[in-house]
Amino acid sequence: MIPSVNDRSGRERKQRAFSATKKTAYLGLCLALALICSYVEALIPFSIGIPGVRLGLTNIVIVGVLYLSNWRDALFVSVSRVLLAGFFFGSLYSILYSFAGALLSLFVMAIIKKTEKLHLISVSAAGGVAHNAGQFLVAALVVENYRILYYLPILFLVGMVTGVLIGVAAASVLKRLPPALRNMYKDSAFS
């Protein structure tokens, strides 16, 4: 018996609904991991004498989502994480600074990744520098003092170093993922 058009379209709808459910679960898991990283980072007394410097553990998750799926999913996880972590562990100013850094960082990483000319570690390093640049721009608007420019080279250097460290960690995590997770987007209608 040949399946009718209605049977096929019903199966296709069920398959799309199942794929949407899998994608929602995947993004929820990534958001939960990003929030856990934010919480752990808030607990770590990391200080190298430079105010506002963080390791950026959350970016391991964001870089992973960017490389496993697409920039839209990475944007969703990043924006959701900034809002939730800001409300849970921060303040209105921390949300403002985090938004600026996260959005500029993701924008830069997505563009560089799209060229396919640089390795994940280099993309992450550029994201670290862009993150600090975004936060610096907000700080310059809030403080309204030109002397803050002296802080910029230090922020770029720290952003590059932490970006490389996060890139190494993200590459290591992605390499160790089971093939089913690494190929999830290639094998389904996730995108």
Side-chain angles (χ1 to χ4, degrees), residues 26-27 29-42 44 46 48 50-86 89-90 93-141 148-149 151-177 181-182 185 191:
Y26 165 76
L27 292 177
L29 178 65
C30 291
L31 178 57
L33 286 171
L35 283 170
I36 289 168
C37 288
S38 291
Y39 181 67
V40 167
E41 191 167 38
I44 296 173
F46 178 76
I48 59 171
I50 302 170
V53 171
R54 295 251 184 223
L55 289 172
L57 296 176
T58 303
N59 288 330
I60 296 170
V61 178
I62 302 303
V63 169
V65 173
L66 182 64
Y67 272 82
L68 285 176
S69 57
N70 57 50
W71 67 268
R72 284 181 227 84
D73 291 344
L75 179 66
F76 170 78
V77 172
S78 187
V79 167
S80 300
R81 194 268 322 160
V82 166
L83 282 174
L84 291 171
F89 321 121
Y93 278 114
S94 68
I95 292 173
L96 183 65
Y97 284 108
S98 292
F99 257 132
L103 292 178
L104 187 57
S105 174
L106 183 59
F107 177 74
V108 167
M109 288 191 300
I111 287 176
I112 294 173
K113 179 190 174 283
K114 189 172 183 166
T115 67
E116 297 181 0
K117 293 185 179 182
L118 295 176
H119 188 269
L120 180 146
I121 296 170
S122 300
V123 171
S124 179
V129 171
H131 190 277
N132 284 351
Q135 290 186 336
F136 177 82
L137 291 172
V138 170
L141 292 172
I148 197 170
L149 287 173
Y151 194 47
L152 194 57
I154 295 168
L155 282 179
F156 282 173
L157 179 64
V158 169
M160 184 171 294
V161 170
T162 58
V164 166
L165 293 174
I166 294 304
V168 168
S172 179
V173 168
L174 291 177
K175 186 172 74 174
R176 286 172 173 73
L177 284 178
L181 282 175
R182 281 196 310 260
Y185 269 77
S191 301

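Just so you know, residue 1 is the first one in the sequence shown, and it goes up from there. As the structure is a prediction and not an experimental result, all values here were calculated from the model.
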Exercise for the section: Enter the distance from L27:CG to S80:OG here, rounded to the nearest 0.5 Å. Expected result: 8.5 Å
Exercise for the section: Decide yes or no for Y26 and L68: does some side-chain heavy atom of the first lie under 4.5 Å from some side-chain heavy atom of the second? Expected result: yes
Exercise for the section: Would you indicate whether the side-chain heavy atoms of V65 and F76 approach each other to under 4.5 Å? Expected result: no
Problem - Residue pair A34 / T58: nearest heavy atoms and the distance that separates them - result: O-OG1, 3.5 Å
Practice task
Indicate yes or no: at least one non-hydrogen side-chain atom of L66 is less than 4.5 angstrom from one of I62.
Solution key: no
Handout entry: Side chain to side chain, L75 and V79, heavy atoms closer than 4.5 Å
Key = yes
Exercise for the section: List the atom of A125, the atom of V164, and the distance in Å for their closest heavy-atom pair. Expected result: CB-CG2, 3.7 Å
Problem - Euclidean distance, L31 CG relative to L84 CG, rounded to 0.5 Å - result: 6.0 Å
Exercise for the section: Starting at OG of S124, measure out to CE of M160 and round the result to the nearest 0.5 Å. Expected result: 11.0 Å
Completion exercise
CG of L141 to CG of L96, rounded to nearest 0.5 Å, is 9.0 Å
Problem - Considering all heavy atoms, the nearest N132-L155 contact - result: ND2-O, 2.7 Å
Exercise for the section: Tell me, please, which residues at least two apart from Y39 pass ring pair (Phe, Tyr, Trp, His ring centres under 6.0 Å). Expected result: F89
Exercise for the section: Hey, could you give me the CD1/CG distance between I166 and L55, rounded to the nearest 0.5 Å? Expected result: 6.5 Å
Practice task
Quick one: pull up CZ in F136 and CD1 in I154 and give me the separation to the nearest 0.5 Å.
Solution key: 11.0 Å
Under 3.5 Å, sequence neighbours excluded: what are the donor-acceptor pairs made by side chains of residues 98-120?
{"residue": "S98", "atom": "OG", "partner": "S94", "partner atom": "O", "Å": "2.8"}
{"residue": "S105", "atom": "OG", "partner": "G127", "partner atom": "O", "Å": "3.0"}
{"residue": "T115", "atom": "OG1", "partner": "I112", "partner atom": "O", "Å": "2.6"}
{"residue": "T115", "atom": "OG1", "partner": "K117", "partner atom": "N", "Å": "3.4"}
{"residue": "H119", "atom": "ND1", "partner": "I121", "partner atom": "N", "Å": "3.1"}

Practice task
Measure from the side-chain N and O atoms of R81 to the backbone N and O of V77, and report whether any donor-acceptor pair falls under 3.5 Å.
Solution key: no
